Amino acid sequence: MKVVNQISELRGEISRARQAGRSVGLVPTMGALHNGHLSLIEEAAHRNDFIVVSIFVNPTQFNDPSDLERYPRDLDADLQILGQQTADIVFAPDVKEMYPEKDKRNFDLSPLDKVMEGKFRPGHFKGVAQIVTKLFDAVTPDRAYFGQKDFQQLAIIRKIAGQSEQEIEIIGCPIIREPDGLAMSSRNVLLTPDQRKAAPLIYQTLVEAKKRQSSYSPVEITEWVTGTINAHPLMQVEYFEIVDEQELMPVTEWGLHVNKVGCIAVHLGRVRLIDNVYFD
Ligand code: PAF
C-alpha cells in the first residue's frame, strides 16, 4: 500500500496499473474509517485489480464551519487500519492540492438536491459534486463505491456520473450497523456516552415503522416516526421523509411508487446522524 499526496503522482500510479491491464476501483472517504468503509473496500476488491482509497475531509461540502472543525481526523489510525486491507493506493491530499483555486463550478443536480439534506444543508451537494468529480478525474476509476447510508448523496453521485463523459459504474453498498442497530458513521465517535446510548432508537423506530406500514399511510408513519424520536429528551428530528428511490419525491400513497425509502436526519446535541430504510 502506497500513500500518495499529489494528483500527479496518483496519475502516474494509475497509468502504470492501466498499462498492466488492471481495472481500477475507487473508494472515496473523509477518513475516520470504520467497518462501513472497510465493507466498501472489500466490495471493491471483489471486482477490481487496483484499489484507490481517498482520504480527504472536503471543506466545500460543509455548510457549517464548526461541523468542519469538529469532523474527526486521524490519518495515522486510518493508515494503520488500511494496512490490513487490500488497498493499493491511499490518496491523502491536502486542501491546496484539491483546490489550488476556488472551485466555481455549479452542477445541475435538480430536483435531487432540493429535498431533505439539500433543504437543511445548503451548498452541501455542490461541494460533494465538486470533490467527487475531481476524484473521478484524477483516478479515472472503472467503478466507485459509496455507502447507502448517504442515500441522497448516492442518488446525486449516480446523476453526476450519468452526466460525465467518463464511464464509471457507481456501486451502492449496504449500510453496516453496530450490534445495537446504529448505522456506522464517522460522526458516531463524537457522541457523548448518553447520546450513544440513545442513538439506536433511530433505527429501532425505522424498523418499527416498517412493521406498521400495512396499517398506516405514509403521512401517518411520518408523524409517528417524528413524534417517537422527538419524545426522547436527547433527540431532535430534522426531517423524516418517505421518498421514491429514483426522484426522491415524497410518497403520498404506498401504491404509487415501486421502491420507497424512509430517510431521516436526527440531532443529538451538536451531532447530526442520518439513516434510512426501504419500505415494501
Ligand atoms: O460520503 C463521504 O464520506 C463524502 O461525502 C465523500 C463521498 C467522500 C465526498 O467527500
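In each ligand, atom 1 is the first atom listed, and ligand 1 is the first ligand listed. All figures in this text were calculated on a predicted structure; none of them were measured in a lab. Because only heavy atoms are used, hydrogens play no part in the values below, and waters and symmetry mates are left out as well, while side chains stay in.
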Between the side chains of R143 and E43, is the shortest nitrogen-to-carboxylate-oxygen separation below 4.0 Å, so that they form an ion pair? no

Show the short N or O contacts, below 3.5 Å, that ligand 1 makes with protein N or O atoms; if there are none, say 'none'.
{"unit_1": "ligand 1", "atom_1": "1 (O)", "unit_2": "Q153", "atom_2": "NE2", "d": "2.8"}
{"unit_1": "ligand 1", "atom_1": "5 (O)", "unit_2": "Q61", "atom_2": "NE2", "d": "2.9"}
{"unit_1": "ligand 1", "atom_1": "5 (O)", "unit_2": "Q153", "atom_2": "OE1", "d": "2.7"}
{"unit_1": "ligand 1", "atom_1": "10 (O)", "unit_2": "Q61", "atom_2": "OE1", "d": "2.6"}

Distance check, rounded to the nearest 0.5 Å: D49 atom CG versus T86 atom OG1? 11.5 Å

Give the ring-plane orientation class for F136 versus F146, where under 30° counts as parallel, over 60° as perpendicular and anything between as tilted. perpendicular

Evaluate side chain to side chain contact (heavy atoms under 4.5 Å, CB included) for Y216 paired with W224, printing each intermediate quantity in order. CA-CA 10 Å; Y216 296 95; W224 181 79; over 6 Å; no

side-chain hydrogen bond (donor to acceptor under 3.5 Å, both in side chains): which pairs involve residues 24-37, sequence neighbours left out? none

Looking at R22 and D142, is there a salt bridge between them, counting it only when a charged N and a carboxylate O are closer than 4.0 Å? no

